[in-house]
Amino acid sequence: MIRNQRCLSLIVILMTILIAVTFSCPAAVCAQTDDEQEWKDYNGKRLGVLTGTLMEDVAKTYFPDSEYFYFNSYPDCNAALLAGKIDAYLGDEPGIRTMHMEQPQIDYIHDRITSQDYSFAFRKDDEKSAALCAELNEFLKKSREDGTLQEIDDIWFGTDEDRKVVDMGGLTGENGKIKVVTTSTDMPFSYIKDGKNVGYDIDIVVRFCKERGYALELGDVDFSGRIPAVQSGKYDFSTDMNVTDERKEEVLFSDPTSTGGVVLAVLAEDSSGNTVSNGNGLDVGSEPEYKSFEELNGKTISMLTGAPFEELISSRVSDVKEFTYYTSMADMILGVKSGKTDAGFMNNAVAVLAVNKDPEIALFKEDLGAASFGIAFTKGDKRRDEWQAAFDKISEEEKAELWDKWTGSDESIKTVMDQDWPGNAGTVNVAACDTLQPMSYVGEGGELCGFDVEMILLMAKELDYHVNFTGMDFAAALATVESGKADMACGSIVVTDERKEKMDFIDYYPAYYVLIVRAAGEQAVDSSFWGRTKSSFEKTFIREDRYKLFISGILTTLLITVLSILFGTILGFLTYMACRNGNKVANAIARFFVWLVQGMPVVVLLMILYYIIFAKSEISGTVVSVIAFTLVFGSGVFGMLKTGVGAIDKGQTEAAYALGYGDLHSFFRIILPQAVPHFLPTYKGEVVSLIKATAIVGYIAVQDLTKMGDIVRGRTYEAFFPLIAVAVIYFILGGIMTFIVGKIEVNINPKRRKREDILKGVQSDD
């Protein structure tokens, strides 16, 4: 029966994996992100909130009518959002922006709800902490002045993964060691990559330690545990967090390392994310699969819904098999890659960017017609000629350099100039599309940037205007100019005769209608069920050698479990032996001990031990975990022994005495062997429960199996496969432990013992 139950459980888990992977694909997205939506629209909806963060106060202040769902990490919030459990969740803008780049299904409403500084947190009213904070502030000031902070910002908020490394070498420790607590699922500030701690905050801390001659020890806890970890003295300071008045009462904050704010993360209809490219012509990217319009005969060609270009395409491709339509560029690009369509129609700016970012697609070499990108003015606005004159002063070389910059893959250089000129001519308002990279989009700092934006700034500098950019939907930008609410509009606007009837333009760069196709020799992305399964497996286990994280977590979980079982069994047995003969003091102490341990949630016991009882000691989180679970398991063993021994008839003890046994001999040779079968099944269940209960040790900076699963989810932004993988591993570990205890149960069963072994040492007259 037990074997059948195990088989059934295994089948259920495997089916769960298959179902989870199936529904984790992008096709499951059915909600929409509309640039015209405001975060206020989500008041009254289901809102995700990170426990122990500023988000709790923001939720209550700005979303009083919402139903709140509390989570411990961003990956948990993402999983709930993608599963439809919540409608949105609150998060720090830099982190949410990075998540959107990694997981385009997660987008955010760009209008910030609040604006805050991000700073490191130190122990308050402590001279040593105050001195260390002052030392860090001095380092931050120097780094800000010499450009180091900007370099760090470019690395960790950019898209060049090769630059995202932290060199831990050179930490001499000549001036001692500092302990820093962080949360390793908080991209891009602190996370695990290739099995190592990396991120914006970690980079700053490591550079600080190198300069000041410190060794570094990093601890990893959920966000809600970081301030208690600092207050208790277990750590010298915490990595970045939002600065609030309430937190200022609890900790000492360093000077700000960066600024940002709280935004609302929502599901995205357009899952494109921000991509980059380089080049400024039609000869970039990989070699295309189709090289002439004739080769496209009999093929499927796609365009965005509502784009009336069927006649234009048919004028070049005489025998189009079928026109298909997509609601976003990203979906169309995915359709080309997966083989659902053969070519996609778009303008050259978006196409050049896409093909240089993704080697699986290529740019069709022949264009479908030339036009130009334009900056739109209100019809009849005399300032248009003024700005045209300023534009004409920009050299062709400078324009080409700007194009290469904004369509290039080097994110570190994608910043717009500061408006440091006087602005004596006044201020102009520009309506800019904020989602069309590389022309006009929201950059890493939360500000509008792009080719169009910098082109306008160059003209504004020449004319001594200051510019106020307002991000909005593409259609809204044009309408804003038509209504006179903005002086001009930009954002990948292609000049057409129809648009010229309504507004005036500066034609500032050539535009082409082009096609993208699959790259020659590239295999289409396998979008089948098994293809998605393979891809998810690769991201979860293979990429960056993430399987090593799971192995490390398994070893930590097993270490805590095995030691807790061993020490807990010994503790429970010794406690029972002390109480066995009715000692009132021992029994009173034992009853209080069992009442206290069993009546307290284990996670609370863990945090009390770690942050209060052992706060000032050097005991690691793993040792504290062993102590906590030893107490828990020991109290269980004590109760099991009382129950098991109590089930044995007192006549057995009397018979043992009659046979000449002493008190201890009668207990160990007669009573205990008979009691074991009564409590061993419960003992076996406690072992399995213990190995699952260890999943909470991440609260005190222990990187066990569950914590490693969270770390992987934080890197991949895939909720299902890492969770299912962790579940399967726990199932296997529980099965192994149950098997071992089962073998012990069989070997000590008194019915299997020989008569001479039972009577060994008994005196007889024979």
Side-chain angles (χ1 to χ4, degrees), residues 10 12-26 28-29 48 50 71-86 89 91 95 98-106 183-188 190-199 220-223 265 529-558 691-692 694-699 702-734:
L10 182 59
V12 170
I13 288 181
L14 291 174
M15 291 178 64
T16 305
I17 294 174
L18 300 180
I19 294 171
V21 174
T22 300
F23 286 99
S24 66
C25 64
V29 179
L50 281 179
F71 301 94
N72 290 325
S73 67
Y74 281 131
D76 292 336
C77 292
N78 287 339
L81 183 60
L82 291 170
K85 302 295 184 183
I86 56 177
Y89 68 85
T98 302
M99 289 179 200
H100 173 61
M101 294 169 64
E102 293 282 340
Q103 173 61 282
Q105 293 168 261
I106 305 293
T183 303
S184 59
T185 57
D186 188 18
M187 287 184 68
S190 176
Y191 61 101
I192 301 294
K193 178 184 178 183
D194 296 327
K196 299 177 181 178
N197 290 90
V198 298
D220 182 10
V221 301
D222 287 333
F223 187 91
F529 169 78
W530 290 112
R532 293 192 303 270
T533 303
K534 181 181 178 181
S535 174
S536 182
F537 182 87
E538 188 272 336
K539 288 179 65 177
T540 302
F541 293 103
I542 307 302
R543 192 174 301 178
E544 297 180 0
D545 291 334
R546 289 174 186 148
Y547 70 91
K548 294 180 180 179
L549 297 178
F550 285 100
I551 292 174
S552 175
I554 290 170
L555 294 177
T556 301
T557 294
L558 283 176
I691 197 169
K692 292 184 289 186
T694 59
I696 62 173
V697 297
Y699 279 93
V702 178
Q703 292 185 338
D704 69 319
L705 176 58
T706 300
K707 186 65 176 179
M708 289 304 188
D710 290 340
I711 289 171
V712 171
R713 286 194 295 136
R715 280 294 287 133
T716 64
Y717 296 107
E718 288 205 10
F720 296 103
F721 210 103
L723 287 174
I724 296 300
V726 169
V728 171
I729 293 171
Y730 270 116
F731 174 82
I732 294 172
L733 293 179

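All heavy atoms count here, side chains included; hydrogens, waters and symmetry mates do not.
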Distance (rounded to the nearest 0.5 Å) between I554 CD1 and L549 CG: 11.0 Å
Sub-4.5 Å side-chain heavy-atom contact between Y89 and N78: yes
Distance, nearest 0.5 Å, that separates CD1 of I106 from SG of C77: 9.5 Å
Any donor-acceptor pair under 3.5 Å from S552 side chain to K548 backbone: no
Check: I192 and N197 side chains under 4.5 Å, non-hydrogen atoms: yes
Separation between OG1 of T706 and CG of L723, rounded to the nearest 0.5 Å: 9.5 Å
Where F550 and G709 come nearest, the two heavy atoms and their spacing: CE2-CA, 4.2 Å
T694 versus D704, side-chain donor and acceptor atoms under 3.5 Å: no
Heavy-atom donor-acceptor pair, S184 side chain to D220 backbone, under 3.5 Å: no
Minimum heavy-atom distance between G199 and Y191, given as atom pair plus value: CA-CE2, 4.0 Å
L705 CG to L733 CG distance, which is reported to the nearest 0.5 Å: 7.0 Å
